[in-house]
Protein chains: 2
Amino acid sequence: MNRDAYAHVARIGKAISSGNRLELLELLAQAEQSVDSLSRLSGMGVTTVSAHLQVLKGAGLVRTRRDGTRIHYRLAGPEVAGLFVAMKNMAARVLPGLSAIDGEKDSGSGRDDSVPLIRTIEEIREAYMLDVRPAHEYQAGHYPGAASIPLDGLASRIGEVPRDRRVIVYCRGEFCLLARDAARLMRGQGIDAYAMDEGVLEWRASGDVDLTATA
Amino acid sequence: MNRDAYAHVARIGKAISSGNRLELLELLAQAEQSVDSLSRLSGMGVTTVSAHLQVLKGAGLVRTRRDGTRIHYRLAGPEVAGLFVAMKNMAARVLPGLSAIDGEKDSGSGRDDSVPLIRTIEEIREAYMLDVRPAHEYQAGHYPGAASIPLDGLASRIGEVPRDRRVIVYCRGEFCLLARDAARLMRGQGIDAYAMDEGVLEWRASGDVDLTATA
DNA sequence: CCAGTATTCCAATGAATATTGGAATACTAT
DNA sequence: ATAGTATTCCAATATTCATTGGAATACTGG
């Protein structure tokens, strides 16, 4: 028969059947990244990351570019982000009780209830959009008009955030906690801050938002 | 962190990371099926099928219905077929050289070159649409107006096929070989037969075709 | 060429998975 | 109740996979 056909498609499935690899894909959806940059961002060992990247590459989901001594990985295309989101949606639809994000929002330690989530893009008008991802990721593509203050430096740069407007913070995507942490920090300082429930991963997947890059 | 979020989505990935499970999903996209029906159709052992179904159920991709002594499995929803197709497309886009279907069509033994494939739904008008899947699957949903002659009985019922019209055969989906085998058989008898390159799986996934069911 | 850095390859270990046969369970029909 | 059928559970085996440390490779800058 054509047994191979299924096995062949299953390779894509295998590539996305590991939580660690999904985390790497989410990072790659932000910007191209070198192996050790991914290692630092994810906390996995370098050789572990390399091994996972080989699997992703073998399945055709990522491409590489050599720049001197280091190798930069990137998504093979926006459809890969699309597949991630499709799986995320499927998980939410089909295992609602266990929804990872709900778990994070509701059950968890409960402290996240203090950060209201913005769910529609309409609410963005007139608000101050703030990107709290690392500068490198901001440069590779960000929401049009958004400002950049990486979470690292937010405490010391808090003065740059306007106090007379609503502030909406976003980060890598629904699973990323940077925006929520940032919003919590700002609320503690009396700023009217909200965390966006989606981020660059979802925008890249949908293609609806044109993510401006900086030179 | 929210490590669990990724692990949780990865469960969906794991469920579709096995060729055998994909084959089962394709069968379930046709109609609900009992465990041993799936075992017979797929050639896997009953306990093996049962184990795979448990995995699919654990990931929330299939549901069960008890009917007396036997248990019928079905897809949790059309989105599951959608995910299958999304992965199939990703595989075709991203690993073009290895495309399972291309492999089947072109390289293989080459004999399949004898069966022209219909690729657009436009060509269906005025043709005689023939469904060669098992009767049970036809009853659960088929292309509007299509006739049913399961491949098993096609040789003996060949007289029912009109000789003055173009005949278009379809089956379960792109990976299913029933339609191509049927078309080859009919061409051998001088019938102007073509195999459809998509089938019920894709139609169910897209939702564009309304698959009529018989009482 | 040499030292230094980034990445991959290799080997080894432990964990998870697939498959199978046999026992256990759940239901039907007599 | 009893026999019969369909399915799942359990245990065992072989296979595959994830992770890690150390060696090998590929490149850069003196």
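Each chain gets a letter, A, B and so on, in the order its sequence line appears, and its residues count up from 1. It should be emphasised that the depicted structure is a prediction, and the values quoted were computed from it without experimental measurement.
When DNA chain D is scanned 5' to 3' for any atom under 4.0 Å from a heavy atom of chain A, the first and last hits are D/dC17 to D/dT28.
Taking the side-chain contact (heavy atoms from CB on, under 4.5 Å) definition, one finds that B/A76 meets it with A/V94, B/R63, B/V80, sequence neighbours left out. Partners of A/Q33 by side-chain hydrogen bond (donor to acceptor under 3.5 Å, both in side chains), not counting sequence neighbours, listed by chain and number: A/S37, A/E137. For B/R65, the side-chain hydrogen bond (donor to acceptor under 3.5 Å, both in side chains) partners at least two apart in sequence or on another chain are B/E32. With sequence neighbours excluded, the residues forming a side-chain contact (heavy atoms from CB on, under 4.5 Å) with A/S18 are A/N20, A/R21, A/H52, listed by chain and number. For the salt bridge (charged side-chain N to carboxylate O under 4.0 Å, His left out) test, no residue two or more places apart in sequence or in another chain qualifies with A/D152. Remark: A/E26 pairs with no residue by the salt bridge (charged side-chain N to carboxylate O under 4.0 Å, His left out) rule, at least two apart or across chains.
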Could you pull out all donor-acceptor pairs under 3.5 Å where a side-chain atom in residues 206-214 of chain A meets a protein atom, sequence neighbours excluded?
residue, atom, partner, partner atom, Å
A/S206, OG, A/W203, O, 3.3
A/S206, OG, A/D208, N, 3.1
A/T212, OG1, A/H142, O, 3.2
A/T214, OG1, A/Q139, O, 3.3

| message | Between B/M44 and B/L24, is the side-chain contact (heavy atoms from CB on, under 4.5 Å) condition met? List the steps. | response | CA-CA 10 Å; B/M44 305 177 218; B/L24 294 176; 4.0 Å; yes
| message | Working note: B/Y128 + B/I168, criterion side-chain contact (heavy atoms from CB on, under 4.5 Å); need CA distance, chi angles, decisive distance, verdict. | response | CA-CA 6 Å; B/Y128 177 81; B/I168 297 182; over 6 Å; no
| Worked verdict on B/V169 versus B/M196 for side-chain contact (heavy atoms from CB on, under 4.5 Å) | CA-CA 6 Å; B/V169 200; B/M196 192 75 195; over 6 Å; no
| query | Passes side-chain contact (heavy atoms from CB on, under 4.5 Å), A/Q30 versus A/H136? Steps please. | reply | CA-CA 9 Å; A/Q30 312 301 312; A/H136 166 232; over 6 Å; no
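The cationic group of B/R187 lies under 6.0 Å from the six-membered ring centre of B/Y194 and within 45° of the ring axis, placing it in a cation-pi geometry. With a 6.0 Å cutoff to the six-membered ring centre and a 45° limit on the axis angle, A/R133 does not count as a cation-pi contact of A/Y170.
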| What is the per-nucleotide protein-contact pattern of nucleotides 13-20 of chain C, from the 5' end, where B denotes a base atom under 4.0 Å from a protein heavy atom, S denotes such proximity for sugar-phosphate atoms only, and - denotes neither? | ----SSSB
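Residues from residues 29-40 of chain A with heavy atoms under 4.0 angstrom of DNA chain C, sorted by number: A/S34, A/V35, A/D36. If you check residues 65-75 of chain B against DNA chain D, the residues with a heavy atom closer than 4.0 Å are B/T69, B/R70, B/I71, B/Y73, listed by number.
Note on the helix from C/dC1-D/dG30 to C/dT30-D/dA1: terminal axis deviation equals 30°, with five pairs used at each end and the result rounded to 10°.
No donor-acceptor pair under 3.5 Å is formed between the side chain of B/K57 and the backbone N or O of B/V62.
Under the 4.0 Å criterion applied to side-chain N and carboxylate O atoms, A/D181 and A/R184 are assigned as salt-bridge partners.
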